[in-house]
Amino acid sequence: MKLLFLGPPGAGKGTLSDLAVEKLGLPHISTGDLFRAAIKNETPLGLKVKSIMASGALVPDEVTIEMVKERLAQPDAKKGWILDGFPRTIPQAEALEKIAAVDRVVNFEVADAIVIGRLSTRRVCRACGKIYNVKSSPPKKEGVCDACGGEVYTRDDDKEESIKTRLDTYRKQTAPLIDWYGKKGVLVTIDGVGDPNEVYGRFAKLM
Ligand code: AMP
């Protein structure tokens, strides 16, 4: 199964992907995670995208599309995948169409006020990417990942200035994809508010 997770930053796409990966056994391909890994490893790609990402803007389409093409050509992507955070623009969706046919696009609906609250309290493990929330699901020991012992930190783009840019970017560049995929007949919309297991239940019913 080839699935896309669509929704504003903080909609819970990453958290839901973690649950879906366990249950569906598909690889989770997050373009944000791929860029963060490149930054951490100081690769040429990482150096190119670091300041763009911290500002909350989008990485140029050609750079992103090339990276996704390479990732989807890996052997583990043959059986299907959950693409999280890609496409984020119409040109990216058009490029993906040439690579693979998507079975379902899951659109997570969450109001801006909730998204802003979630992002400002979100923390992430620098080593394994596990997602926490200091209010609703903190790590057992502050600043330390329960899963791998890595450092739990605040993403640069989860700081207040970037959150606003990311929401504006989402509205202008990514939200048009809801209609685009709607017209193709592959879109399902889910209420993304609530406990992750509850949201997963809504998702599972539609699969
Ligand atoms: P995410 O982890 O999905 O919230 O992505 C974090 C940041 O990575 C975004 O704000 C962008 O700067 C960059 N990024 C991730 N996916 C894409 C994409 N499909 N197109 C352009 N930039 C992206």
Side-chain angles (χ1 to χ4, degrees), residues 2-18 20-21 27-41 43 45-72 81-100 102 105-108 110 112 114-133 152-178 180-181 192:
K2 296 187 171 99
L3 293 176
L4 297 189
F5 281 3
L6 191 66
K13 304 184 295 293
T15 304
L16 256 280
S17 298
D18 288 346
V21 161
H28 170 213
I29 300 176
S30 150
T31 41
D33 284 351
L34 293 172
F35 286 133
R36 278 183 289 279
I39 291 171
K40 190 172 149 200
N41 297 326
T43 67
L45 173 67
L47 297 175
K48 195 189 278 183
V49 303
K50 189 171 179 184
S51 61
I52 303 176
M53 273 184 77
S55 75
L58 292 184
V59 173
D61 283 340
E62 61 279 13
V63 175
T64 309
I65 292 166
E66 193 49 42
M67 178 181 76
V68 170
K69 259 191 197 159
E70 279 176 25
R71 180 63 188 87
L72 295 183
W81 24 256
I82 297 169
L83 256 183
D84 160 14
F86 182 93
R88 259 175 156 101
T89 63
I90 303 271
Q92 290 181 13
E94 287 167 347
L96 179 63
E97 218 175 15
K98 294 192 189 122
I99 308 172
V102 172
V105 177
V106 185
N107 172 38
F108 293 89
V110 181
D112 280 6
I114 294 178
V115 156
I116 292 167
R118 280 184 184 173
L119 291 175
S120 52
T121 50
R122 175 163 74 179
R123 303 290 182 269
V124 183
C125 172
R126 210 183 275 282
C128 74
K130 190 172 163 59
I131 302 164
Y132 296 92
N133 186 289
V152 172
Y153 79 116
T154 304
R155 279 170 45 174
D156 283 346
D157 57 352
D158 280 346
K159 297 186 177 142
E160 208 181 318
E161 327 76 78
S162 307
I163 292 177
K164 195 184 164 300
T165 310
R166 289 165 71 206
L167 278 172
D168 286 349
T169 305
Y170 171 77
R171 265 186 231 107
K172 287 193 192 115
Q173 294 186 260
T174 308
L177 288 172
I178 299 172
W180 198 85
Y181 279 117

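Just follow the structure's listing: the first ligand is 1, and inside any ligand the first atom is 1.
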Open item on the list: If the threshold is 4.0 Å, N to carboxylate O, is there a salt bridge linking Asp18 and Lys130?
Closed with: no
Task: Student check: side-chain heavy atoms of Asp84 and Ile29 closer than 4.5 Å - done: no
Task: N-O pairing of Asp112 and Arg171 below 4.0 Å - done: yes
Task: Gln173 vs Arg88 side-chain heavy atoms within contact, under 4.5 Å - done: no
Task: Spatial distance of atom CG (Leu34) from atom CD (Glu70) [nearest 0.5 Å] - done: 10.0 Å
Open item on the list: Can you confirm whether Lys159 sits close enough to Asp156 that some side-chain heavy atom of one is under 4.5 Å from a side-chain heavy atom of the other?
Closed with: yes
- [ ] Enumerate the protein residues lying less than 4.0 Å from ligand 1, judged by heavy-atom distances, in chain and residue-number order.
- [x] Thr31, Gly32, Phe35, Arg36, Met53, Ala57, Leu58, Val59, Thr64, Gly85, Phe86, Arg88, Gln92, Arg155, Asp157, Arg166
